[in-house]
Amino acid sequence: MKQDLFESPDYYLLDDLLSEEHLLVRDAARQWVKRDVSPIIEAYAQKAEFPKQIVSGLAEIGAFGPYIPETYGGAGLDQISYGLIMQEIERGDSGVRSTASVQSSLVMYPIYTYGNEEQRQKYLPKLASGEWMGSFGLTEPDHGSNPGGMTTNFKDKGDHYLLNGAKLWISNAPFCDVAVVWAKNEEGRIHGLIVERGMEGFSTPETHNKWSLRASATGELLFDNVKVPKENLLPKKNGLGAPLGCLDSARYGIAWGAIGAAMDCYDTALRYAQERVQFGKPIAAFQLQQKKLAEMITEITKAQLLAFRLGQLKNEGKASTAQISMAKRNNVAMALNIARESRQILGGMGITGEYSIMRHMMNLESVVTYEGTHDIHLLITGADITGHQAFK
Ligand code: TGC
Ligand code: FAD
């Protein structure tokens, strides 16, 4: 069993800006990751399996619905606490953070925000406790960056809807109990439907052979004439803006989460550089290694400040989609670069599972693509500052 020696970098004393509650929530998540995730995660990533035994721990640290009101089983926390929880979980593994992001921002958020009271009461407490796990079906085989082109559809059959189509690349799909699925009605308008495991014609085959997010289960959602009860339609919002609103919440969490992965790589590389001796000196004493480490801590500090300010804006209800895109894009690219540089500092040891860096690096190759690719987020910023959409 591996010992987790992580010490969190805080170069600009950002802890001074956090409230007592933020620190309590952050430290509880940090301790849990050290105790329950770090010792086992490498083995699960190697065997490409999600460690289901950590679900109850995720629920206990408030990772399922951190900002959902306590009446529905959520933790009733603010957006900075939500971000800090995501940061700590992704410090352990991006795949575990994926599971929490999907459950909170892509399943509980739409049910809370677009659902009616019966739907909230039926699903949210069970999702908050981890008794039920959820998935979110937006992407299709032929529609990834362009979800508005989706072909998954439902028809009104009087007392139920008939759902047909396929979703690809869906986190948590292989074991989900419920799926929030985005599909077009007969007029071509996008709606959210809650599909439950066990409905006839609904299947969730797993996607194998991933080199990334190996400790997270990914799969398909297939609908072959699935009869969905009418009460399972999310009534309060429709159109592409409904799923995109969920993505705002998940992308915000990823902007924080990526900092966790970067901090873990930096901390590992710094410790290794102090201990590894070549040419009679610790490699940390060589200028080239110092350049890497100094640039890493600078980039981590900038990302921390970006995420903190975005959290304040989110708490005030002022964070725009474009601001969230900027933070997701910047912080994930920052983390991926730091993982690559850290891997080099460890030399040959950097490619082994003895250290977390290569796992983070491979995980981040998915994180830079999902929830909107690096390119798409640049185009969102470009459209925001110029007024010209360059997607189409
Ligand atoms: P566009 O014409 O720009 O917008 C369509 C309608 O939506 C409105 N809207 C938003 N509403 C709420 N929140 C947002 N963030 C919104 N962004 C846009 C917009 O105002 C418009 O409304 P209306 O009333 O005028 O119709 O749409 P477009 O078709 O041009 O596409 C824009 C684009 C490319 C930015 C968007 O589709 C996009 O973000 N593409 C990337 C797709 C993506 O991110 N997929 C993620 C799938 S889920 C996932 O990856 C989970 S991984 C989770 C994990 O494991 O952690
Ligand atoms: P494409 O859209 O085909 O893009 C391919 C390339 O073309 C990219 O580099 C892209 O930036 C570029 N490109 C596309 N359009 C443009 C343009 N207009 N201008 C310039 N360049 C462009 N989806 C879900 O719905 N739910 C999930 O739970 C989920 N989990 C995922 C888990 C994993 C591990 C992965 C890898 C993906 C997951 N996704 C999920 C899907 C993810 O959101 C998509 O992969 C992502 O949105 C990109 O879509 P795509 O893979 O089809 O790439």
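As the structure lists them, so they are numbered: ligands from 1, and atoms in each ligand from 1. From a predicted model like this one, the values you see are computed outputs, not experimental measurements. Counting begins at 1 with the first residue of the sequence.
Residue-level proximity to ligand 1 for Val102 is carried by the side chain, the only part with a heavy atom below 4.0 angstrom. Of all the heavy atoms of Lys237, none lies under 4.0 Å from any atom of ligand 1, so neither backbone nor side chain is involved. Contacts between Ser171 and ligand 1, counted as non-hydrogen atom pairs separated by less than 4.0 Å, involve the side chain only. No part of Leu379 comes within 4.0 Å of ligand 1, judged by heavy-atom distances. Contacts between Val367 and ligand 1, counted as non-hydrogen atom pairs separated by less than 4.0 Å, are absent for every part of the residue.
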Practice problem: Mind running side chain to side chain donor-acceptor pair (under 3.5 Å) on Gln121 and Glu117 for me, showing each step along the way? | Solution: CA-CA 6 Å; Gln121 300 279 358; Glu117 195 50 34; 2.9 Å; yes
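Within a 4.0 Å radius of atom 7 (O) of ligand 2, the protein has no heavy atom. For atom 34 (C) of ligand 2, a protein non-hydrogen atom is found at a distance below 4.0 Å.
The shortest N or O to N or O distance between Leu138 and ligand 2 is below 3.5 Å. Of the N or O atoms in Ser171, one or more lie within a sub-3.5 Å distance of an N or O in ligand 2.
Residue, atom and distance of the protein heavy atom nearest to atom 3 (O) of ligand 1 are Gln389 NE2, 3.2 Å. Here the protein heavy atom with the shortest distance to atom 2 (O) of ligand 2 is Ser145 OG, 2.7 Å. Looking only at protein heavy atoms, the nearest one to atom 46 (C) of ligand 2 is Thr369 O, 3.5 Å. For atom 30 (N) of ligand 2, the nearest protein heavy atom (residue, atom name, distance) is Trp169 O, 2.8 Å. Residue, atom and distance of the protein heavy atom nearest to atom 20 (C) of ligand 2 are Leu379 CD1, 4.0 Å.
In this structure, Ser94 falls outside the shell of residues with a heavy atom less than 4.0 angstrom from ligand 1. Within the structure, ligand 1 lacks Ala250 among the residues with a heavy atom less than 4.0 angstrom away.
In this structure, Thr152 and Asn164 have side chains that are not in contact, with every pair of non-hydrogen atoms separated by 4.5 Å or more.
Checked for salt-bridge contact, Glu187 and Arg189 miss the test: no charged N lies under 4.0 Å from a carboxylate O.
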